[in-house]
Amino acid sequence: MIIPGPIREILELARWAPSGDNTQPWRFEVIDDHHFVVHAFDTRDHCVYDLDGHPSQIALGAMLETLAIAASAHGMRAALSRRSNAPDTHPEYQVELTPDKQVSTDPLLPYVKQRSVQRRPMRTTSLTSPQKQALQDAVGDAYTVRWFEGGTQRWRFARLMFANAKLRLTLPEAYTVHRDIIEWQARFSEDRVPDQALGLDAMTLKLMRWIMTSWQRVKFFNTWLAGHLTPRIELDLLPGLLCAAHFAIQARKAPETLDDYVAAGRAVQRFWLTATSLGLQLQPEMTPLIFSRYAREGVEFSRMPGAMETAARLARRLAGILQDVPASQVAFLGRIGSGKVPTSRSLRLPVERLTRIE
Ligand SMILES: Cc1cc2nc3c(=O)[nH]c(=O)nc-3n(C[C@H](O)[C@H](O)[C@H](O)COP(=O)(O)O)c2cc1C
């Protein structure tokens with residue numbers, strides 16, 4: 001398939017945007033040398049973390065921002081217009097690339113492919129004021145970056161993540177998601193998350209692989225042998241403690257619409273790329289925020305008895321940690337710090353598989 005020059009190079013980069021569980025919820029339709037359409041979608045029909053589509057919409061925003069960054073390298077402006085007749089579950093954008101002398105290469109361009117999630121422990125050395133300022137500048141005036149630092153705050157976050165993970169690892173609806181998105185015995189994965197990027201040690205990984213072959217096994221281990229304990233320690237408690245800080249990107253106005261979440265995603269990507277440019281590692285911590293939204297909005301997310309009550313308890317706990325930051329205004333939550341570059345990561349589907357030509 002011959003994709004016209006600059007469009008190919010732009011899509012080549014845009015596809016490196018992050019998405020929940022590396023779902024890459026976008027496809028491209030090339031119209032001509034300067035026009036293409038983004039066909040996005042969410043995963044609400046099968047993903048318990050995406051029942052309102054907002055995580056996919058944040059990812060879409062991150063991809064659109066990356067697209068604009070990639071276009072800047074060609075001295076082009078990427079003018080986006082959302083098709084109003086497309087449903088929110090399948091948003092569509094017409095993209096027009098126009099040469100513009102005012103556009104210079106975005107300084108974040110070199111970090112697009114380098115940016116990657118780090119789920120393992122990071123150093124606890126605090127971020128400097130210039131680093132924090134650069135990260136605040138990255139998100140712009142519509143958002144404020146709130147920091148949760150120091151031993152006590154990190155401990156509170158780590159314990160919240162640990163409690164939150166019990167819900168995540170015992171939900172039948174989450175089991176099918178985890179089963180389908182993990183690529184076992186892999187360091188890299190084009191369309192999923194390689195198991196080595198999860199942050200588990202080799203022994204636990206092996207056991208998890210065996211347990212996760214059936215829901216019955218997962219249930220048995222969880223019920224009788226506290227099978228969720230070791231993963232929660234390795235994936236949530238220790239990383240929650242071992243980082244410089246947790247952060248919340250707070251929107252001035254609580255995001256509600258598709259456009260609000262897409263705009264937040266654009267800011268998130270500039271934040272993450274700036275962190276990469278500063279040599280910092282980052283991991284999103286989105287599930288407490290998602291469960292808290294389900295509890296607030298009464299989204300029935302599980303058939304498991306007591307799941308909603310647990311989500312409501314977690315939401316109260318999150319609110320206690322966030323204090324004067326209302327959870328409804330938090331567009332993104334995560335941990336950050338300096339540390340090793342991950343040795344295992346998700347790759348992306350090739351441009352040909354993401355694209356069709358009209
Ligand atoms: C909206 C959104 C939510 C995410 N939530 C989480 C999360 O809760 N925990 C986590 O470890 N990674 C999370 N991620 C990171 C993705 O899993 C990761 O970006 C994806 O697998 C691609 O890997 P890469 O970032 O290394 O390229 C999230 C990413 C996005 C865009």
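Counting starts at 1 for both ligands and their atoms, in listed order. What you see is a predicted model, and the numbers here were worked out from it, not measured in a lab.
Heavy atoms of Asp21 found under 4.0 angstrom from ligand 1 belong exclusively to the backbone. Contact annotation: for Pro284 versus ligand 1, heavy atoms closer than 4.0 Å belong to both the backbone and the side chain. Counting heavy atoms closer than 4.0 Å to ligand 1, residue Arg345 contributes side-chain atoms (C-beta onward) but none from N, CA, C or O. In Asn22, the parts holding a heavy atom less than 4.0 Å from any atom of ligand 1 are both the side chain and the backbone. With a 4.0 Å cut-off on non-hydrogen atoms, Gln269 does not touch ligand 1 at all.
Comparing Gly61, Gly265, Gly20 against atom 29 (C) of ligand 1, the shortest heavy-atom distance belongs to Gly20. Of the candidates Ser19, Pro18, Pro288, Ser19 brings a heavy atom nearest to atom 20 (C) of ligand 1.
Heavy-atom proximity to Arg115, at under 4.0 Å, picks out these atoms of ligand 1: 24 (P), 25 (O), 27 (O).
Of the polar atoms of Trp16, none of the N or O atoms is found under 3.5 Å from an N or O of ligand 1, judged by distance alone. In terms of polar-atom proximity, defined here as any N/O pair under 3.5 Å, Arg119 does make such a contact with ligand 1. Not one N or O of Val193 is nearer than 3.5 Å to an N or O of ligand 1, by distance alone. Checking only distances, Pro55 never comes within under 3.5 Å of ligand 1, N or O to N or O. Taking distance alone, with nitrogen or oxygen atoms compared against 3.5 Å, Ser116 approaches ligand 1 more closely than that limit.
One side chain, Glu285 or His246, offers a donor N or O that lies under 3.5 Å from an acceptor on the other. In this model, a donor atom of one side chain and an acceptor atom of the other lie less than 3.5 Å apart for Gln269 and Thr66.
Annotation: cation-pi geometry satisfied between Arg217 and Trp210 (NZ/CZ under 6.0 angstrom from ring centroid, within 45° of ring axis).
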>> Could you go through Thr43 and Asp50, starting from their C-alpha distance and side-chain angles, then the distance that decides it, and tell me whether this counts as side-chain hydrogen bond (donor to acceptor under 3.5 Å, both in side chains)?
In response: CA-CA 6 Å; Thr43 59; Asp50 198 28; 2.6 Å; yes
> Taking it one step at a time, do Phe301 and Phe291 satisfy ring pair (Phe, Tyr, Trp, His ring centres under 6.0 Å)?
Replying inline: CA-CA 9 Å; Phe301 62 96; Phe291 289 138; 5.4 Å; yes
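The salt bridge (charged side-chain N to carboxylate O under 4.0 Å, His left out) analysis of residues 177-192, with sequence neighbours excluded, yields the pairs Glu183-Arg192.
In the displayed structure, Lys219 atom NZ is contacted under 6.0 Å by at most 12 heavy atoms of other residues, nucleotides or ligands.
For atom 23 (O) of ligand 1, the closest non-hydrogen atom on the protein side is Ser346 CB, 3.7 Å.
A salt bridge between Asp201 and Lys206 is absent, with no side-chain N of the basic residue lying under 4.0 Å from a carboxylate O of the acidic one.
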